[in-house]
Amino acid sequence: MKNLIKTSIFGLALLVSSVTFGQDKMANNVDNSNIALQGYSPVSYLDLKLAQQGSKNFKSEYQKVVYYFTSEAQKTTFDKNPTRYLPQYGGFCAFGTYAGAKFRVDPNKFIVKDDKYYLYLNNVELDAKQLWLAENNHGKLKSVADKNWSKLSKTHN
């Protein structure tokens with residue numbers, strides 16, 4: 001399994017040029033309009049364990065980042081405690097963070113663990129969520145990713 005992880009990290013390094021992106025946002029994976037999570041609802045991820053596209057009709061701004069929700073009730077829930085609903089690693093790929101890099105994610109690839117949600121890169125060459133799960137050691141991966149994030153969150157992409 002360790003060889004698979006090392007090979008995957010090497011593969012991630014090779015993908016850097018094709019999946020990283022240039023933006024001035026350091027700690028949040030947002031688009032040019034400062035919309036987080038590609039418009040998916042953070043409340044849906046955490047409370048419903050579903051990836052649901054939010055609506056611009058139900059949106060909130062927190063720390064200059066815009067979040068969309070599926071309903072007014074979700075917006076209210078978020079507004080009461082926004083930090084609870086923020087994605088881990090600013091919405092960047094958890095496995096990429098573990099590997100020391102920021103990668104865009106597929107908003108449908110996520111896990112919920114210990115009342116937090118983690119998003120993952122998925123493309124034709126790599127399913128980062130499956131690599132994370134295959135390691136079968138969330139605590140270890142999270143510990144390394146947390147350490148890496150303390151540096152990555154301060155760097156430009």
Side-chain angles (χ1 to χ4, degrees), residues 9 12 16 19-123 126-157:
I9 290 171
L12 277 173
V16 168
V19 296
T20 57
F21 52 99
Q23 63 181 21
D24 288 336
K25 312 300 182 230
M26 293 186 286
N28 293 293
N29 185 359
V30 295
D31 68 12
N32 291 336
S33 299
N34 278 352
I35 298 169
L37 303 168
Q38 298 175 44
Y40 281 68
S41 170
V43 175
S44 291
Y45 282 125
L46 195 57
D47 290 354
L48 304 176
K49 296 173 182 52
L50 294 172
Q52 291 182 310
Q53 186 75 44
S55 167
K56 64 182 176 181
N57 296 324
F58 309 109
K59 66 182 177 181
S60 286
E61 186 175 316
Y62 179 73
Q63 296 183 337
K64 299 181 183 177
V65 176
V66 177
Y67 296 90
Y68 285 178
F69 308 95
T70 62
S71 67
E72 186 65 35
Q74 280 196 351
K75 178 188 177 330
T76 300
T77 297
F78 178 86
D79 289 343
K80 286 180 183 174
N81 188 3
T83 57
R84 178 175 189 265
Y85 292 98
L86 299 180
Q88 296 304 291
Y89 315 121
F92 290 98
C93 176
F95 194 83
T97 303
Y98 166 78
K102 292 179 182 176
F103 296 108
R104 282 257 192 207
V105 297
D106 175 338
N108 293 295
K109 290 290 187 172
F110 72 99
I111 63 168
V112 176
K113 180 92 171 160
D114 301 327
D115 208 30
K116 298 182 185 304
Y117 63 100
Y118 303 81
L119 298 154
Y120 298 91
L121 163 75
N122 185 51
N123 67 24
L126 184 72
D127 183 340
K129 176 183 172 184
Q130 289 309 313
L131 291 171
W132 185 281
L133 293 172
E135 179 67 12
N136 201 25
N137 192 339
H138 178 80
K140 177 187 136 206
L141 294 172
K142 182 184 176 317
S143 176
V144 172
D146 287 350
K147 247 184 247 179
N148 288 342
W149 184 245
S150 68
K151 295 175 205 149
L152 288 171
S153 65
K154 296 173 179 89
T155 63
H156 289 280
N157 299 320

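Although no hydrogens or angles enter the test, the distance criterion places no donor-acceptor pair under 3.5 Å between the side chain of Lys49 and the main chain of Val112. With hydrogens and angles disregarded, no donor-acceptor distance shorter than 3.5 Å links the side chain of Gln52 to the backbone of Thr70. Judged purely by atom type and a 3.5 angstrom limit, Asn28 has no side-chain atom pairing as donor or acceptor with the backbone of Val30. Formation of a donor-acceptor pair under 3.5 Å by the Asn34 side chain with backbone atoms of Lys64 is found in this model.
The NZ atom of Lys116 lies 5.0 Å from the CD atom of Gln88; values are rounded to the nearest 0.5 Å. In this structure, CG on Asp106 lies 10.5 Å from SG on Cys93, to the nearest 0.5 angstrom. To the nearest 0.5 Å, atom CG of residue Leu119 and atom OH of residue Tyr40 are 11.0 Å apart. In this structure, OG1 on Thr77 lies 10.0 Å from CD on Glu72, to the nearest 0.5 angstrom. Of the inter-residue distances, the one linking Leu121 atom CG with Arg104 atom CZ reads 12.0 Å to the nearest 0.5 angstrom. Note that OG1 of Thr76 and CG of Asn81 are 13.5 Å apart. Values are rounded to the nearest 0.5 Å.
Contact check for Lys142 versus Trp149: no side-chain heavy atoms found under the 4.5 Å cut-off. The closest side-chain heavy-atom distance from Lys59 to Lys75 is not below 4.5 Å. The shortest distance between side-chain heavy atoms of Val66 and Ser33 does not fall below 4.5 Å.
Evaluated for a ring-ring contact (aromatic ring centres under 6.0 Å, His included) with Tyr120, the options Phe95, Trp132, Tyr98 yield exactly one hit, Trp132.
The two residues Ala51 and Asn108 make their nearest non-hydrogen contact at CB-OD1, 3.5 Å. Residue Leu46 comes nearest to Arg84 through the heavy atom pair CD2-O, 3.3 Å, listed as atom of the first residue, atom of the second, then distance. Closest heavy-atom contact between Ser60 and Asp79: OG-OD1, 2.5 Å. Scanning all heavy atoms of the two residues, the minimum distance from Gln74 to Leu48 falls at NE2-CD1, 3.9 Å. Taking every heavy atom of both residues into account, Leu152 and Ala101 meet most closely at CD1-N, 3.7 Å. Contact between Ala36 and Val65 at its shortest, heavy atoms only, is CB-CG1, 3.5 Å.
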Residue pair Asn57, Tyr68: steps toward the side-chain hydrogen bond (donor to acceptor under 3.5 Å, both in side chains) verdict: CA-CA 8 Å; Asn57 296 324; Tyr68 285 178; over 6 Å; no

Worked check of side-chain hydrogen bond (donor to acceptor under 3.5 Å, both in side chains) between Gln53 and Ser41: CA-CA 6 Å; Gln53 186 75 44; Ser41 170; over 6 Å; no

side-chain contact (heavy atoms from CB on, under 4.5 Å) assessment of Ile111 paired with Lys129: CA-CA 8 Å; Ile111 63 168; Lys129 176 183 172 184; 3.6 Å; yes

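A centroid separation of less than 6.0 Å is found between the aromatic rings of Tyr117 and Tyr45. Checked against a 6.0 Å centroid threshold, the rings of Tyr118 and Phe110 do not count as neighbours. Within the 6.0 Å centre-distance limit, the rings of Phe69 and Phe78 are counted as a close aromatic pair. Remark: aromatic rings of Phe92 and Tyr89 are distant, center separation not under 6.0 Å.
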